[in-house]
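Order of listing sets the numbers, starting from 1, for every ligand and every atom in it. All values below were derived from every heavy atom in this structure, side-chain atoms included, with hydrogens, water molecules and symmetry-related copies excluded.
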Amino acid sequence: MSKLPNVAIAGATGAVGIEMIRTLEKRNFPLNSLRLLASKRSAGKELEFRGKKIVIEEMTEDSFEGVDIALFSAGGSQSKTYGPAAVKAGAIVVDNSSAFRMDPDVPLVVPEVNPEAVKDHKGIIANPNCTTIIMLVALNPLHKISPIKRIVVSTYQSASGAGAAAMQELEDQNKAIARGEEPQAEIFPYLIANNLFAHNSPIDDNGYCEEEMKMVNETRKIMNDDRILVSPTCIRVGIPRAHSEAITVEFENEVTVEQARAAIESAPGAVLIDDRIKNYYPMPIEFSGQDDVGVGRFRKDLGFNNALSLFCCGDQLLKGAALNAVQIAELL
Ligand code: A2P
């Protein structure tokens, strides 16, 4: 691409879409023009980019004429319908949905882990699942010391993963509880305020939910190693926008706590928070709105040989979605 690209955001009014606009602005992404697309409901409204108002357009198959890079975050069915139309019009699609992630022709990319995969695209590049991205930013620096054999992970996932309406639902429920009123659950199946529950994605025949199977399959694809064993438990918690994960990771050879801390300290996209004396480790409130993934609470695992346990936190809307997508666009 010799000239500056024309960029479109599909799903610009959503929780991730808004962060895509902010991230392009914050990173001073070089572009010629920005087109904002959403549903008919939002057409005609305006959003600001670099101090100028941009009118939101209804997304149709004709929306991608002249577009070089299309960042999609409007849900899987919109990606399936309009993604191929965008490619046909000549755009490269960076898709935040799960629609194309496991397609062998579609690279699945975390720029800190497998940036080289981008060049194999045939028009679509997939942005991985948010929980998987955050986990791999924390684990890849350790994998470089000794290959990972097994990962046991429990997640504490924020409301933002279910979109802007779910974030609003959490806020409304918290306010209702504070007023002494009965909180209402409409987006999530159960109350999310003062509560946690198994991740609200459909359950497979094996008893794992879709979110958990994404962690299994996407980890193997991104790390390019089908032998990695992943045992996930995904939980939704009443936190607005940062995911946390408790991880035990087994390596081929011993990795010491000191080696792990040093690796995180020099890893791109990660920051070490590991103070045993103050009992100070990554917390979702401190990583909300942050680009980096917080990693710490390293200890030699007591249950497996050659294993460490750790804790990490990352902003679901940023590194888990919008920031990773913009970083992929930067690689292009
Ligand atoms: P809209 O705001 O007009 O409904 P979230 O994940 O936060 O719920 O956001 C979903 C995003 O996807 C929003 O920008 C939403 O636009 C957009 N979207 C949903 N359905 C469609 C559709 N049929 N066509 C285009 N954009 C859509």
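- Thr131 and Glu211 share a side-chain donor-acceptor pair at under 3.5 Å.
- Within 4.0 Å of ligand 1, heavy atoms belong to protein residues Gly11, Ala12, Thr13, Gly14, Ala15, Ala38, Ser39, Arg41, Ser42, Met59, Ser73, Ala74, Gln78, Gly163, Ala164.
- Between Glu116 and Asn114 the shortest side-chain heavy-atom distance falls below 4.5 Å.
- With a 6.0 Å radius and a threshold of 12 heavy atoms from other residues, nucleotides or ligands, Phe311 has its CZ atom above the threshold.
- Checked for salt-bridge contact, Arg22 and Glu19 meet the test: a charged N lies under 4.0 Å from a carboxylate O.
- For Phe49 and Phe29, the ring centers sit 6.0 Å or farther from each other.
- Side chain to side chain, Glu252 and Asn306 fail the donor-acceptor criterion of an N or O pair below 3.5 Å.
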